Every structure is written in structure tokens, then in C-alpha cells.
Asks: 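Please read through the structure below; I'll follow up with questions.
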Amino acid sequence: MPFMVKMPANSPTIFWMKSKCLLVITGPTAVGKTEVSVEIARHFRAEIISADARQFYRELHIGTAVPPKEVLASVPHHFIGHLSISDYYNVALYEQEALKLLDKLFRYSDYALVVGGSGLYIDTLCRGIDPMPDHSAGLRKEVHQFYKAEGLAGIRAWLKQLDPDYFAQVDPGNPQRIMRAIEVCLAGGKPFSAMRVRNRQARPFSIRHVVLNRPRAELFSRINERVDNMIADGLIEEAMGLFEYRHLNALNTVGYRELYGWVSNRHSLADAIAKIKTNTRRYAKRQLTWFKKYEDAAWVHPEETSTILQHLEGKG
RNA sequence: GGGGGGGUUCCAGAGCGGUCAAAUGGGGCAGACUGUAAAUCUGUUGGCUAAGCCUUCGGAGGUUCGAAUCCUUCCCCCCCCA
């Protein structure tokens, strides 16, 4: 009798067998995930599910280091360029869609391969996220306007009133978090903290996790080099072609925002490029910090393919 | 050759007799993180046998109870006149 798991109400109704395995390859930006992914995917005859939140947008290529055409053509990839920069999207939608996709993929293969560096997205796919009320974009705008008018103190006071428990926990200086909590309280009619219970969802498949990493100096010089290549490949043109959309969240992205800062005369081109490099390095650092909590993950150098395979086969 | 400005902790740049291991910014390092996540935010940043001590503010002397801060001198930068 195969091991069966009851799925939560909002998940696909099918029951999956525990023999299915989700392979996760993550690691900081520019570590070399794309390069190894094809070989791994072929080995397991798995399709690739991207977990790179900025590769979702079809208008973004160079700045988000989307895998080259040959790579995309050699193994089926999902969640790359499936959105437009003007689309609204969030992790919960990703979770839903990815689970639905897995449902399909696992009919043909025992494996699926997640490749990407967006920690929150990977976590959500692997363990779920508490259900939260949906709400209109208008509500977010409203809260944001209140913030602009009343400042940090204003939204803090508001949150304190709506959800004193969460108020006691949030970073007091983080407007984004405070505003989100307010939105959710308003939309759900109850405190955010009552909904954010961090329930871990059981998944009907096993998960094996590899974090790719390199010595810091090596990683950083790859980042610097990659940024130069992006510029040579036409990042400036790509960014400028999207100039009118620069206010969109999707373009609040390393590699784009710095160039907009340059055209807006906030700094020189050379400074912009230097900033892209340092901001990318910082991003990589933040990713690494996030990945450190993956206790079951194996950390390996991307060139050690056989070690990677070993871990993904469960022999690690 | 004459006149003026300046050399400060990784960098830029405040400080201008005690409250200075030295503001602030940058960078670095560390961290947080349940629907904006390549986002957003926080801490830390001379050394140590750490509520104390030691070594820092171009070099060397000096004044003073006490100097990054005042004086002398030396070295090095920059600007103006020649």
C-alpha cells in the first residue's frame, strides 16, 4: 500500500505517492545553478521548475540571468517568463501553481527539479504557507498612502491597534512588513498574527535539498564578472526599453534600479555598474544567510557534480 | 621662489584641549524574514586575558594634570601668484 497523504483543501485533489521526490538545487546568485541544472535534470529525467522570482517576468532576460536558449531548449523549464512585469504575483500563487504542475509532472517521472535562489519561494513550495485573505490592490494602495502621509509612526500606531501581538514582533523600522500586516488585518477582519501561525504543510513527496556554494572570493569575482558581461550583452538597452515601467515592483531589481538611478542623474554610469556589483554581492549574502537554516541540505561546490548527484539520489 | 589649504580609524569626511576608540556617510562583516523577497529591515565595524586595559588621528620633539585638537620642526599632498 503506497504511502498516502491527505492534502489541504486548497491543493490539488489527487493523492501522490511518497516515492516521488522533489529535488531542490539552490544557492546564491551567480554560483552556477543553471550550469549544473541540465545535467542533473537529464540524470533524473526531471523537468525544471524555476524558483527565481525575477525570472518569472518575460520582459527581463539579461539582468535576471535567464538561462540561455540552448539550456531552455534542452530540458523543459517552468515558471520562466510566464508573467509580465505588470502582473501581480505572490508566493501563494506560485505555491498553488507549482503544486499543480508537480501533480502533472509526477505522473511521468519520479523526480522534479527545482532550481532557483528565491528562498521564500522554495520554502513555500516545500512546506507551504499559511492561508491569508486575498485583498484588492486598492487596499494596499490605501495603506501605502496612509504611510506616505503619516509616516512610520503612523502605520506603527495603526498596526499596534490592529494587532498588538505582531506589533511586538515586527522590525519596528520595516515599513513593508508593517504595511503588509495592516493589509492582512484589514482584509481578514482579524489580527495578522492569528493567521500567521507558521503551520508546516506535509507534502506528498519527499524532498532532497542541495545548496550550491563557493568560497566567498570565488563567488564574488564571478558576480563582478557576470555584471560586466551583462552590460556587454546589452543590459542597458534592456533596462532602458523598460524605463517607463521602472516604478513596477518587478523592476525594483538589482541591475535595473541602479541604471535608472544613472539616467535620473543620481550617479554616473560607472557608479551604477559598481553599485550593481555590490548590490548583487549583498543579495548573495542575504541568500546565504537564508539558506543556512536548511538543516537537511547538503552544501556542495557546483563543480562537484558527482557529489551533487549523490546527495540528490539520497545516498549522501 | 612667494602666498594659502591640507594630511584623522578600510574609504570619504567631521572633530579643533578633557565628556574621543573619535560624528556622519560609504564599504565590509553578521543577522532578521509567511504573498513587494534580486524586495524590505536590523546589528556591528582598532586590539585584548573585555563594566578594565593597550595601541590609534603623517613623523619626531615640546607645552599641559590632560593633546586628534596648542607650539616647534621634518616629510608628503593640493591650490594661487611667480
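Everything numeric in this text was worked out from a predicted model, so none of it was measured. When reading the values below, keep in mind they use all heavy atoms of this one structure, side chains included, and skip hydrogens, waters and symmetry mates. Letters go in sequence order (proteins before strands), and every chain restarts at 1.
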Asks: If I take atom CZ in residue A:Phe220 and atom P in nucleotide B:rG28, what distance separates them, rounded to the nearest angstrom?
Replies: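 In whole Å, B:rG28 P lies 7 Å from A:Phe220 CZ.
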
Asks: Could you list the residues that satisfy side-chain hydrogen bond (donor to acceptor under 3.5 Å, both in side chains) with A:Asn229, not counting sequence neighbours?
Replies: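 Listed in chain order: nothing, the list is empty.
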
Asks: I need the residues from residues 140-151 of chain A with at least one non-hydrogen atom less than 4.0 Å from RNA chain B; give them sorted by number, or say none.
Replies: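 Going residue by residue through residues 140-151 of chain A, the ones with a heavy atom under 4.0 Å of RNA chain B turn out to be A:Arg140.
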
Asks: Quick check: are there more than 12 heavy atoms from other residues, nucleotides or ligands sitting under 6.0 Å from OH of A:Tyr108?
Replies: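 Counting other residues, nucleotides and ligands, OH of A:Tyr108 stays at 12 neighbours or fewer.
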
Asks: Could you work out which one of B:rC41, B:rG35, B:rA37 sits closest to the side chain of A:Tyr88?
Replies: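 Of the candidates, B:rG35 comes closest.
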
Asks: Considering Watson-Crick and G-U wobble pairs with both distances under 3.5 Å, what does B:rU72 pair with?
Replies: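 Looking at the geometry, B:rU72 pairs with B:rA60.
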
Asks: Please measure how far the P atom in B:rC77 lies from the corresponding atom in B:rC70, and state the result in whole Å.
Replies: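 These two P atoms come out 23 Å apart once rounded.
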
Asks: The test is side-chain hydrogen bond (donor to acceptor under 3.5 Å, both in side chains); show your working for A:Thr280 and A:Arg226 and say whether it passes.
Replies: CA-CA 10 Å; A:Thr280 304; A:Arg226 189 167 80 170; over 6 Å; no

Asks: Using OP1 and OP2 only, check whether a side-chain N or O of A:Tyr256 sits under 4.0 Å from B:rA38.
Replies: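 For A:Tyr256, the contact criterion (side-chain N or O under 4.0 Å from OP1 or OP2 of B:rA38) is not met.
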
Asks: Give me the distance, rounded to whole Å, that separates B:rG25 from B:rA39 when you measure between the C1' atoms they each carry.
Replies: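 Here B:rG25 and B:rA39 have their C1' atoms 23 Å from each other.
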
Asks: Strictly below 4.0 Å, heavy-atom distances to any atom of RNA chain B: list the hits from residues 48-66 of chain A, or just say none.
Replies: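 Those residues are A:Ala53, A:Arg54, A:Gln55, A:Gly63, A:Thr64.
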
Asks: Enumerate donor-acceptor pairs with a distance under 3.5 Å from any side-chain N or O in residues 288-296 of chain A to protein atoms, sequence neighbours excluded.
Replies:
from, atom 1, to, atom 2, distance (Å)
A:Thr289, OG1, A:Lys285, O, 3.1
A:Thr289, OG1, A:Lys285, NZ, 2.7
A:Trp290, NE1, A:Asp123, OD2, 3.2
A:Trp290, NE1, A:Tyr294, OH, 3.1
A:Lys293, NZ, A:Asp123, OD2, 3.4
A:Tyr294, OH, A:Asp123, OD1, 2.4

Asks: Got a sec: does the OH of A:Tyr245 have more than 12 other heavy atoms crowding it under 6.0 Å?
Replies: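 Counting neighbours around OH of A:Tyr245, 12 or fewer heavy atoms of other residues, nucleotides or ligands fall under 6.0 Å, so no.
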
Asks: Applying a 4.0 Å non-hydrogen cut-off, can you work out what A:Thr253 is touching in the nucleic acid: base, sugar-phosphate, or nothing?
Replies: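 Base: the residue A:Thr253, judged by heavy atoms under 4.0 Å, touches a nucleobase.
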
Asks: Side chain of A:Arg286, heavy atoms from C-beta onward: which of B:rG35, B:rC29, B:rC41 has the nearest atom to it?
Replies: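 Of the options given, the side chain of A:Arg286 lies nearest B:rC41.
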
Asks: Assess the pair A:Tyr121 and A:Phe79: is the distance between their ring centroids shorter than 6.0 Å?
Replies: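 Ring centroids of A:Tyr121 and A:Phe79 are no less than 6.0 Å from each other.
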
Asks: Does B:rG35 have a Watson-Crick or wobble partner in any strand here, with both distances under 3.5 angstrom, and which is it?
Replies: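 Pairing partner, where one exists within any strand: none, as none qualifies.
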
Asks: Same cluster or not: are A:Ile122 and A:Val36 linked, directly or through other Ile, Leu, Val, Met, Phe, Trp or Tyr residues, by side-chain heavy atoms under 4.5 angstrom apart?
Replies: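 Same hydrophobic cluster.
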
Asks: With rounding to the closest Å, how many angstrom separate the P atoms on B:rU55 and B:rC48?
Replies: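 It comes out at 15 Å once rounded to the nearest Å.
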
Asks: At under 4.0 Å, does any side-chain N or O of A:Arg257 touch on OP1 or OP2 of B:rA39?
Replies: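 So the side chain of A:Arg257 is within the cut-off, an N or O lying under 4.0 Å from OP1 or OP2 of B:rA39.
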
Asks: Validate the cation-pi geometry between A:Arg257 and A:Tyr260: distance from NZ or CZ to the six-membered ring centre under 6.0 Å, angle to the ring axis within 45°.
Replies: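 No, A:Arg257 does not sit over the ring of A:Tyr260.
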
Asks: Once the angle between the rings of A:Phe106 and A:Phe205 is folded into 0 to 90°, is it parallel (under 30°), tilted (30 to 60°) or perpendicular (over 60°)?
Replies: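 Tilted: the ring planes of A:Phe106 and A:Phe205 meet at 30° to 60°.
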
Asks: Could you state the interatomic distance from NZ (A:Lys69) to OG (A:Ser74), rounded to the nearest 0.5 Å?
Replies: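 Answer for the NZ-OG pair, A:Lys69 versus A:Ser74, is 14.0 Å.
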
Asks: Could you give the CG-to-C1' distance, from A:Asp123 to B:rA32, as a whole number of Å?
Replies: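 Checked: the CG to C1' distance equals 14 Å.
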
Asks: What interatomic distance, in whole Å, is found between C1' of B:rC71 and the corresponding atom of B:rA23?
Replies: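 Each nucleotide's C1' atom is 27 Å from the other's.
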
Asks: Would you mind reading off the distance between A:Glu258 atom CD and B:rA38 atom P, rounded to a whole angstrom?
Replies: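 In whole Å, B:rA38 P and A:Glu258 CD are 14 Å from each other.
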
Asks: Counting only side-chain N and O atoms of A:Arg177, is one of them less than 4.0 Å from OP1 or OP2 of B:rC41?
Replies: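 Answer is no, no contact under 4.0 Å.
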
Asks: Once you apply the 3.5 Å cut-off to both distances, tell me the Watson-Crick or G-U wobble partner of B:rG43, or none.
Replies: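 WC or wobble partner is B:rC29.
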
Asks: Assign A:Tyr121 to base, sugar-phosphate, or nothing according to its heavy-atom contacts below 4.0 angstrom with the strands shown.
Replies: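 It contacts sugar-phosphate atoms only.
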
Asks: Between B:rG58 and B:rC10, how far is it from one P atom to the other, in whole Å?
Replies: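 The same atom, P, in both gives a distance of 13 Å.
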
Asks: Restricting to nitrogen or oxygen on both sides, can you table the protein-nucleotides 25-27 of chain B pairs closer than 3.5 Å?
Replies:
from, atom 1, to, atom 2, distance (Å)
B:rG27, OP1, A:Arg282, NH1, 3.4
B:rG27, OP1, A:Arg282, NH2, 3.4
B:rG27, OP2, A:Arg282, NH2, 2.8
B:rG27, O5', A:Arg282, NH2, 3.1

Asks: Under 4.0 Å, counting only non-hydrogen atoms across every strand here, what does A:Asn252 touch: a base, just sugar-phosphate, or nothing?
Replies: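 If one applies the 4.0 Å heavy-atom cut-off, A:Asn252 turns out to touch the sugar-phosphate alone, with no base involved.
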
Asks: Indicate whether OP1 or OP2 belonging to B:rG31 is found under 4.0 Å from a side-chain N or O atom of A:Lys285.
Replies: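 Checking B:rG31 against A:Lys285, a side-chain N or O does come within under 4.0 Å of OP1 or OP2.
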
Asks: Give me syn or anti for B:rG35, where syn covers glycosidic angles within 90 degrees of 0.
Replies: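 Glycosidic conformation of B:rG35: syn.
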
Asks: Rounded to whole angstrom, note down the P distance from B:rU56 over to B:rU24.
Replies: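 About 24 Å, rounded to a whole number of Å.
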
Asks: Considering just the side-chain nitrogens and oxygens of A:Arg216, establish if one lies under 4.0 Å of OP1 or OP2 belonging to B:rA30.
Replies: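 Indeed, a polar side-chain atom of A:Arg216 lies that close.
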
Asks: What's the CD1-P distance between A:Ile178 and B:rU42, to the nearest Å?
Replies: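 Taking CD1 of A:Ile178 and P of B:rU42, I get 10 Å after rounding.
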
Asks: Nearest whole angstrom, please: distance from the C1' of B:rC33 to the CZ of A:Arg127.
Replies: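 Going from CZ in A:Arg127 over to C1' in B:rC33 covers 12 Å.
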
Asks: Would you call A:Asp228 and A:Lys277 a salt bridge, using N to O less than 4.0 angstrom?
Replies: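 The answer is yes: the pair qualifies as a salt bridge.
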
Asks: Would you please say whether a donor-acceptor pair under 3.5 Å links the side chains of A:His78 and A:Glu47?
Replies: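 Yes - a donor-acceptor pair under 3.5 Å links their side chains.
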
Asks: Taking atom CG of A:Asn90 and atom CG of A:Asn249, what is their separation to the nearest 0.5 Å?
Replies: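 The distance works out to 11.0 Å.
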
Asks: Under 4.0 Å: is that the gap between some side-chain N or O of A:Asn90 and OP1 or OP2 of B:rA37?
Replies: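 The answer is no; no side-chain N or O of A:Asn90 sits under 4.0 Å from OP1 or OP2.
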
Asks: Using purine N1 to pyrimidine N3 plus N6-O4 or O6-N4 for Watson-Crick, or N1-O2 and O6-N3 for G-U wobble, both under 3.5 Å, which nucleotide pairs with B:rA12?
Replies: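 The answer is B:rU24, by the H-bond criterion.
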
Asks: Give the C-alpha distance, both sets of side-chain angles, the deciding distance and a yes or no for side-chain hydrogen bond (donor to acceptor under 3.5 Å, both in side chains) between A:His267 and A:Glu258.
Replies: CA-CA 9 Å; A:His267 44 247; A:Glu258 295 85 354; over 6 Å; no

Asks: Near RNA chain B, which residues from residues 287-295 of chain A have a heavy atom under 4.0 Å away?
Replies: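 Correct list: A:Thr289, A:Trp290, A:Lys292.
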
Asks: For the pair made of CD1 in A:Ile122 and P in B:rA39, what is the distance, rounded to whole Å?
Replies: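 For the pair A:Ile122 CD1 and B:rA39 P, the rounded distance is 16 Å.
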
Asks: So for atom CZ, which belongs to A:Arg58, do other residues, nucleotides or ligands contribute more than 12 heavy atoms lying within a distance under 6.0 Å?
Replies: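 Above 12, so yes.
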
Asks: Using atom C1' of each nucleotide, how far apart are B:rU72 and B:rU64 to the nearest Å?
Replies: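 The same atom, C1', in both gives a distance of 16 Å.
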
Asks: Write down the distance separating the C1' atoms in B:rC11 and B:rG27, rounded off to the nearest Å.
Replies: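 Each nucleotide's C1' atom is 7 Å from the other's.
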
Asks: Surrounding CD of A:Gln169 (heavy atoms of other residues, nucleotides or ligands, distance under 6.0 Å), is the total greater than 12?
Replies: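 Atom CD in A:Gln169 is packed in, count exceeds 12.
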
Asks: Taking only Lys NZ, Arg NE, NH1 and NH2, and the carboxylate oxygens of Asp or Glu, determine whether A:Arg208 and A:Glu313 approach each other closer than 4.0 Å.
Replies: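 No, A:Arg208 and A:Glu313 are not salt-bridged.
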
Asks: Select base, sugar-phosphate, or nothing to describe what A:Asp271 touches, counting heavy atoms under 4.0 Å on all strands.
Replies: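 It contacts nothing in the nucleic acid.
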
Asks: What nucleotide, of B:rA39, B:rA37, B:rA38, holds the atom closest to the side chain of A:Tyr283?
Replies: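 Of the options given, the side chain of A:Tyr283 lies nearest B:rA38.
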
